[in-house]
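Inspection log for the structure reproduced underneath, given as structure tokens.
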Amino acid sequence: MKVLMINTVSGYGSTGSICEDIANVLEHQGHECFIAYGQLTTDYARSYKIGTVIENHLHNVGSRLLGKQGYFTKKGTQKLVSYIQEINPDVIHLHNLHGNYLNLQILFEYLIESGTPLAWTLHDCWAFTGKCAHYTDVQCYKWQTHCYACPQVKKYPPSLFFDSSSEMYDDKKKWFTNVSQMTVIPVSNWLADEVKKSFLNKYTISPIYNWIDHTTFKDFGEQNFSTTYDVDSGKFTILLVSASWHSNDPKFQDALKLSKIISDDMQIVMIGNIDGKKLLPHNIKHIPYVHGKEELAKAYSFSDVYVHLSTEDTFGKVIAEALSCGTPAIVYDSTACPEVLGENCGYVVEKRNVEQLSEAINKVKEKGREYFSASCRKRVIENFDYYTNINQTIGIYKDILGYDS
């Protein structure tokens, strides 16, 4: 079996790592896998770079000026089509198609004409909206009928001047609903339910959770984390993790509110880049960056509870990583977060209700981290196992192609 994956990146971030995880398992099973990507670089051997740096930079400029994502990089996408014809894959697995590297019309006109079977993993909601990747915070559900007057014009993917959401909605619907054979793979049941309300509901919808390498994300105990990062080992530790923290972001504001109401024997450890460090109180210890998955696992292991302050997650991999290390989590009752948490692994609280967050933290403190640890670990092994979920994905390829094994 020969598989081609298309994604913004290969080997970087969550989606890039997922692509290479699938590729490595496919190769181990004796199949061929190729990854076409648009941004950054990769060490993966069978990779193909879509577009040039200049071409993709101009795509970014065009997207910002005209509010159209996926209408540029024409030459790069034409070369991609030639590459697809050359390797002649049995199945093409799409991932994130936004990110200023693809011309959607050129790609989908080829896919429609060629009839190549498709799988499409949805890591966010962009594929079925006129513009945005998420919409629950602004409570906009126009995409269920037709997008217009987008309330998030200046949010990702940002537009400086024009709202092209209506035109993009029409184009996406035309391009994405005319391929002959496709299985849509949402990364959670919550996202699957959203897809069923969209124009993609004509296709088979088969949700598969993202996976965690629970041999890496495991309980390391204290492991000198406190001395390495100068954290007080004698205090109850609340962990917050994000790639970035912005002072005007609601999750950062929630962290500040939480710091004001926790007891003196508690501390907050905040991991991730921050633009408002001067605003942090004495009981928040900031760690800008943790190098590698094992170091992050040590952060989870050291902490008594992980608190997830994001509200728009189609999966919530950080939640699952914490659970894999035996650390209970507290999440907002929003999107897929409660689904990932499951039962007996922590608490779900009302969205943006910091008082309830504090009450849930006190419950974890009262019961103790160890009360939850076995359930947390079991949740990951039973639902987010690396090989099990990758093989479910490969099983979709085989179903599409009519393979018996």
Side-chain angles (χ1 to χ4, degrees), residues 3-10 12-13 15-16 19 34-42 44 46-89 91-124 126-133 147 150 153 156-180 182 199-200:
V3 178
L4 168 67
M5 284 185 278
I6 301 176
N7 188 46
T8 318
V9 290
S10 175
Y12 287 91
T15 63
C19 289
F34 303 82
I35 301 177
Y37 68 101
Q39 305 291 359
L40 304 177
T41 59
T42 182
Y44 184 69
R46 292 194 182 102
S47 63
Y48 178 84
K49 178 74 166 62
I50 304 168
T52 64
V53 173
I54 293 175
E55 194 173 13
N56 293 342
H57 175 69
L58 291 174
H59 192 142
N60 181 37
V61 172
S63 177
R64 286 175 178 269
L65 292 177
L66 301 178
K68 291 185 173 184
Q69 173 70 222
Y71 287 74
F72 309 98
T73 315
K74 290 184 178 181
K75 186 175 292 185
T77 308
Q78 288 166 348
K79 290 181 178 179
L80 170 65
V81 168
S82 297
Y83 174 74
I84 297 173
Q85 291 171 326
E86 178 186 336
I87 64 173
N88 191 28
V91 60
I92 296 175
H93 187 169
L94 308 175
H95 290 267
N96 277 354
L97 301 188
H98 52 86
N100 304 309
Y101 74 104
L102 270 178
N103 185 287
L104 295 173
Q105 181 176 2
I106 293 172
L107 176 62
F108 273 86
E109 284 182 352
Y110 167 75
L111 295 176
I112 292 166
E113 181 182 358
S114 69
T116 306
L118 302 177
W120 193 350
T121 292
L122 300 188
H123 301 282
D124 54 37
W126 177 87
F128 54 86
T129 71
K131 176 188 178 294
C132 65
C147 286
C150 179
V153 170
Y156 180 85
S159 173
L160 296 175
F161 303 110
F162 300 105
D163 176 9
S164 300
S165 59
S166 179
E167 181 182 353
M168 281 198 63
Y169 182 91
D170 288 337
D171 286 343
K172 284 183 180 182
K173 184 175 181 180
K174 177 178 65 178
W175 297 328
F176 300 168
T177 63
N178 277 295
V179 294
S180 58
M182 181 163 71
F199 54 65
L200 292 177

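Scope of the values below: all heavy atoms of this structure, side chains included, with no hydrogens, waters or symmetry mates. Just so it is clear, the model here is predicted, and its values are computed rather than measured.
In this structure, Tyr48 and Lys79 have side chains that are in contact, with non-hydrogen atoms separated by less than 4.5 Å. Side chains of Ile6 and Ile92 form a contact here, defined as non-hydrogen atoms less than 4.5 Å apart. Side-chain contact between Pro89 and Val3: absent, with no pair of heavy atoms (C-beta onward) separated by less than 4.5 Å. By the 4.5 Å heavy-atom criterion applied to side chains, Leu102 and Leu80 are counted as neighbours. Contact annotation: the side chain of Glu86 never approaches that of Ile84 to less than 4.5 Å [non-hydrogen atoms, C-beta and beyond].
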Query - Audit row: Met182, Val179, side chain to side chain contact (heavy atoms under 4.5 Å, CB included) steps and yes/no - result: CA-CA 7 Å; Met182 181 163 71; Val179 294; 4.0 Å; yes

Report task. Please assess Thr77 against Tyr110 for the test side chain to side chain contact (heavy atoms under 4.5 Å, CB included), listing each intermediate value before the final yes or no. Result -> CA-CA 10 Å; Thr77 308; Tyr110 167 75; over 6 Å; no

Query raised in the report: Tyr37 and Val9: side chain to side chain contact (heavy atoms under 4.5 Å, CB included), yes or no, with the steps?
Result: CA-CA 5 Å; Tyr37 68 101; Val9 290; 5.5 Å; no

Query raised in the report: Would Tyr169 and Phe199 satisfy side chain to side chain contact (heavy atoms under 4.5 Å, CB included), going step by step from the backbone distance to the final call?
Result: CA-CA 10 Å; Tyr169 182 91; Phe199 54 65; 3.6 Å; yes

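For Lys49, the salt bridge (charged side-chain N to carboxylate O under 4.0 Å, His left out) test picks out no residue, with sequence neighbours left out.
Between the Glu55 side chain and the Gly76 main chain, a donor and an acceptor come within less than 3.5 Å of each other. Although no hydrogens or angles enter the test, the distance criterion places a donor-acceptor pair under 3.5 Å between the side chain of Ser164 and the main chain of Leu66. Checking side-chain atoms of Gln39 against main-chain N and O of Asn100 turns up a donor-acceptor pair under 3.5 Å. The closest donor-acceptor contact from the side chain of Thr129 to the backbone of Cys132 lies under 3.5 Å. Checking side-chain atoms of Lys68 against main-chain N and O of Ser165 turns up no donor-acceptor pair under 3.5 Å. Trp120 places a side-chain N or O within 3.5 Å of a backbone atom of His95 that can act as its donor or acceptor partner. Without hydrogens or angle criteria, Asp163 side chain to Cys150 main chain gives a donor-acceptor distance under 3.5 Å.
In terms of heavy atoms, Leu122 sits closest to Ala127 at CD2-CB, 3.7 Å. Of all the heavy atoms in Phe72 and Gly62, the pair that sits closest is CE1-C, 3.5 Å. The heavy-atom pair separating Thr41 from Tyr12 by the smallest distance is O-CE1, 2.8 Å. Closest non-hydrogen pair, Ser180 versus Gly115, comes out as OG-CA, 3.8 Å. Residues Asp124 and Ala133 come closest through the heavy atom pair CB-O, 3.7 Å.
Here Lys172 contributes atom NZ and Leu104 contributes atom CG; the two are 8.0 Å apart, rounded to the nearest 0.5 Å. If you take CG on Leu4 and CD1 on Ile35, they are separated by 9.0 Å, rounding to the nearest 0.5 Å. Thr121 contributes atom OG1, which lies 9.0 Å from atom CE of Met5 (distance to the nearest 0.5 angstrom). With rounding to the nearest 0.5 angstrom, the CG atom of Leu107 is 9.5 Å from the CD1 atom of Ile112. Put simply, CD1 on Ile106 and CD on Gln78 are 4.5 Å apart, with the number rounded to the nearest 0.5 Å. To the nearest 0.5 Å, atom CD of residue Gln69 and atom OH of residue Tyr101 are 9.5 Å apart.
Residues Asn96 and Thr8 have side chains that never bring a donor and an acceptor to within less than 3.5 angstrom of each other. One side chain, Thr73 or His59, offers a donor N or O that lies under 3.5 Å from an acceptor on the other.
Checked against the 6.0 Å centroid threshold, Phe108 and Phe176 count as a close aromatic pair. Taking the six-membered ring for Trp and the full ring otherwise, the centers of Phe34 and Tyr44 sit at least 6.0 Å from each other. Taking the six-membered ring for Trp and the full ring otherwise, the centers of Trp175 and Tyr71 sit less than 6.0 Å from each other.
The local environment of CZ in Phe161 is sparse, with at most 12 non-hydrogen atoms from other residues, nucleotides or ligands closer than 6.0 Å. The number of heavy-atom neighbours closer than 6.0 Å to CD of Glu109, taken from other residues, nucleotides and ligands shown, is above 12.
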